[in-house]
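On a predicted model such as this, the values are computed, not experimentally measured, just so you know.
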Amino acid sequence: MELVRTADELAVRTAAARGRGEVVGLVPTMGALHDGHASLIATACAQCGFVVVSIFVNPLQFGPNEDFAHYPRRLEADLERAGEAGADLVFAPGVEELYPEPVHVTVHVGEPADILEGALRPGHFDGVATVLTRLFNLVGPARAYFGEKDYQQLVIVRDLVRELRLPAEIVNCPTLREADGLARSSRNAYLAPTERAVAPVLHRALVAGASAIAQGERDAAAVRRAMRAVAEAEQGVRVDYLEVADPERLRTLARVDGPVRLLGALRIGAVRLIDNLAAAPGVNP
Ligand code: PAF
């Protein structure tokens, strides 16, 4: 597996792969690779002849009080992980390579970038859409792989690709979980042991919501209360949101009349966790 740092080197490698008739796949990441990323890479390798993993901690998607400076950066370990999972190439550009100064062009995302995560992290999805547009342009993937853990991001990436007619298929992959239900995330590394013990409460809260729906609850406010009751029973947990939304546009629902997406974000100490779950009447989680 090869590491390249520049857009020019990347273009040579991807052109050669396409010349050999290989389908180019992209797994965009911010590094700190874990089993969730490894499973995205493995899925990409099963479907594509040449798999690029990008590793770039994108400054544009972090707010001024967020963890950009402290976000885990461990390229050596990531290269090993990506290679083991089967990647052909890691593209790890510097900031100046993706955002040569001066930056005049960014991407602005409308609904649903202004709710849920977007309401609490203004500009976050504009940053995600901007970096992905640049990465898609440089890599030219036929397929790009995203985890369902960042469900709102996935909805927005689908909008981005459809509306800008980026010639890539978006493949979504299920969330990988620890045995106790905690969704795999690079930010789990921030959890102190006592916080780690509490963290599965987010998944438990979502499961409680999905169970209520499965058993016939149709009032979304009651589902929200059921999720909050579970989350707030744990000491030191602050709920940012626990929502019942339509799975396509993520609009908040008053009633549950069919499949929905339950989405949650909470804070444990200084660590912020997000997760989501599909739910539907009559379907046990
Ligand atoms: O999900 C992530 O890790 C990031 O938001 C992404 C898609 C790599 C863009 O920086």
Side-chain angles (χ1 to χ4, degrees), residues 36 39-40 43-44 47 109-121 124-125 128-129 132 143-163 166 168-185 199-232 239-266 272-285:
S39 112
L40 291 180
T43 305
Q47 300 180 357
V109 187
E111 188 202 10
D114 49 351
I115 55 171
L116 302 167
E117 283 304 284
L120 293 154
R121 305 182 66 190
H124 169 68
F125 289 117
V128 171
L132 288 178
R143 298 198 182 108
Y145 294 79
F146 292 85
E148 285 178 4
K149 194 203 131 232
D150 296 301
Y151 190 81
Q152 190 174 5
Q153 171 171 280
L154 183 62
V155 170
I156 288 165
V157 171
R158 288 192 181 287
D159 286 351
L160 177 77
V161 165
R162 189 180 58 251
E163 293 187 24
L166 303 177
E169 181 195 339
I170 300 305
V171 182
N172 49 300
C173 302
T175 303
L176 230 70
R177 299 183 180 282
E178 305 286 355
D180 58 12
L182 177 65
R184 302 273 167 107
S185 162
V201 74
L202 176 52
H203 182 241
R204 284 206 311 277
L206 296 170
V207 170
S211 302
I213 291 171
Q215 285 155 27
E217 184 58 74
R218 297 290 171 271
D219 178 6
V223 176
R224 274 182 219 109
R225 281 196 298 276
M227 293 193 286
R228 267 190 182 264
V230 172
E232 289 173 351
V239 175
D240 273 351
Y241 59 82
L242 281 162
E243 263 308 341
V244 185
D246 87 85
E248 306 299 327
R249 302 310 308 158
L250 302 184
R251 290 183 188 121
T252 299
L253 296 171
R255 287 202 51 82
V256 178
D257 293 319
V260 298
R261 202 84 192 181
L262 305 177
L263 301 108
L266 50 77
R272 187 164 184 278
L273 301 174
I274 65 169
D275 200 354
N276 66 87
L277 201 64
V283 181
N284 279 314

Return the [atom1] to [atom2] distance between [X] and [Y], rounded to the nearest 0.5 Å.
X    : Y    : atom1 : atom2 : result
H124 : Q152 : NE2   : CD    : 8.0 Å
R204 : D275 : CZ    : CG    : 12.5 Å
L160 : I156 : CG    : CD1   : 9.5 Å
T175 : D150 : OG1   : CG    : 8.0 Å
I274 : R121 : CD1   : CZ    : 7.5 Å
E117 : L263 : CD    : CG    : 9.0 Å

**Prompt:** Should L253 and E243 be marked as a side chain to side chain contact (heavy atoms under 4.5 Å, CB included) after you check the CA-CA gap, both sets of side-chain angles, and the distance that decides it?
**Reply:** CA-CA 8 Å; L253 296 171; E243 263 308 341; over 6 Å; no
Atom of [X], atom of [Y] and distance for their closest heavy-atom approach:
X    : Y    : result
R249 : V155 : NH1-CG1, 4.0 Å
V256 : E217 : CB-O, 4.2 Å
L206 : G264 : CD2-N, 4.1 Å
M227 : G209 : CG-CA, 3.6 Å
L277 : A210 : CD2-CB, 4.0 Å
V239 : A231 : CG2-CB, 3.8 Å

**Message:** Run the side chain to side chain contact (heavy atoms under 4.5 Å, CB included) test on L120 and Y241 for me, step by step, so that the C-alpha distance in whole Å, both residues' side-chain angles and the decisive distance to 0.1 Å come before the verdict.
**Reply:** CA-CA 10 Å; L120 293 154; Y241 59 82; 3.6 Å; yes
**Prompt:** For D240 and R272, what are the C-alpha separation, side-chain angles and deciding distance, and is it a salt bridge (charged side-chain N to carboxylate O under 4.0 Å, His left out)?
**Reply:** CA-CA 9 Å; D240 273 351; R272 187 164 184 278; 2.7 Å; yes
Ion pair [X]/[Y], N-O distance below 4.0 Å:
X    : Y    : value
R158 : E169 : no
R261 : E148 : yes
R162 : D159 : yes

**Request:** Go through Y145 and C173 one step at a time and tell me if the side chain to side chain contact (heavy atoms under 4.5 Å, CB included) criterion holds.
**Result:** CA-CA 7 Å; Y145 294 79; C173 302; 4.2 Å; yes
Pairwise side-chain contact, [X] with [Y], heavy-atom cut-off 4.5 Å (strictly under):
X    : Y    : value
T252 : V244 : no
F146 : V157 : yes
L116 : P112 : no
E111 : I115 : no
V223 : L262 : yes

**Message:** Looking at E178 and D180, would you say the former's side chain and the latter's main chain have a donor-acceptor pair under 3.5 Å?
**Reply:**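 Judged by distance alone, no pair lies under 3.5 Å.
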**Prompt:** Y151 side chain to A278 main-chain N or O, any donor-acceptor pair under 3.5 Å?
**Reply:**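 No; judged by distance alone, with no hydrogens or angles, the pair does not exist.
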**Message:** R184 vs R177, test: side chain to side chain contact (heavy atoms under 4.5 Å, CB included). Steps then yes/no.
**Reply:** CA-CA 5 Å; R184 302 273 167 107; R177 299 183 180 282; 5.9 Å; no
**Item:** R228, R224, R225 screened by side chain to side chain contact (heavy atoms under 4.5 Å, CB included) with L242, the one that passes
**Value:**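 Only match with L242 under side chain to side chain contact (heavy atoms under 4.5 Å, CB included): R228.
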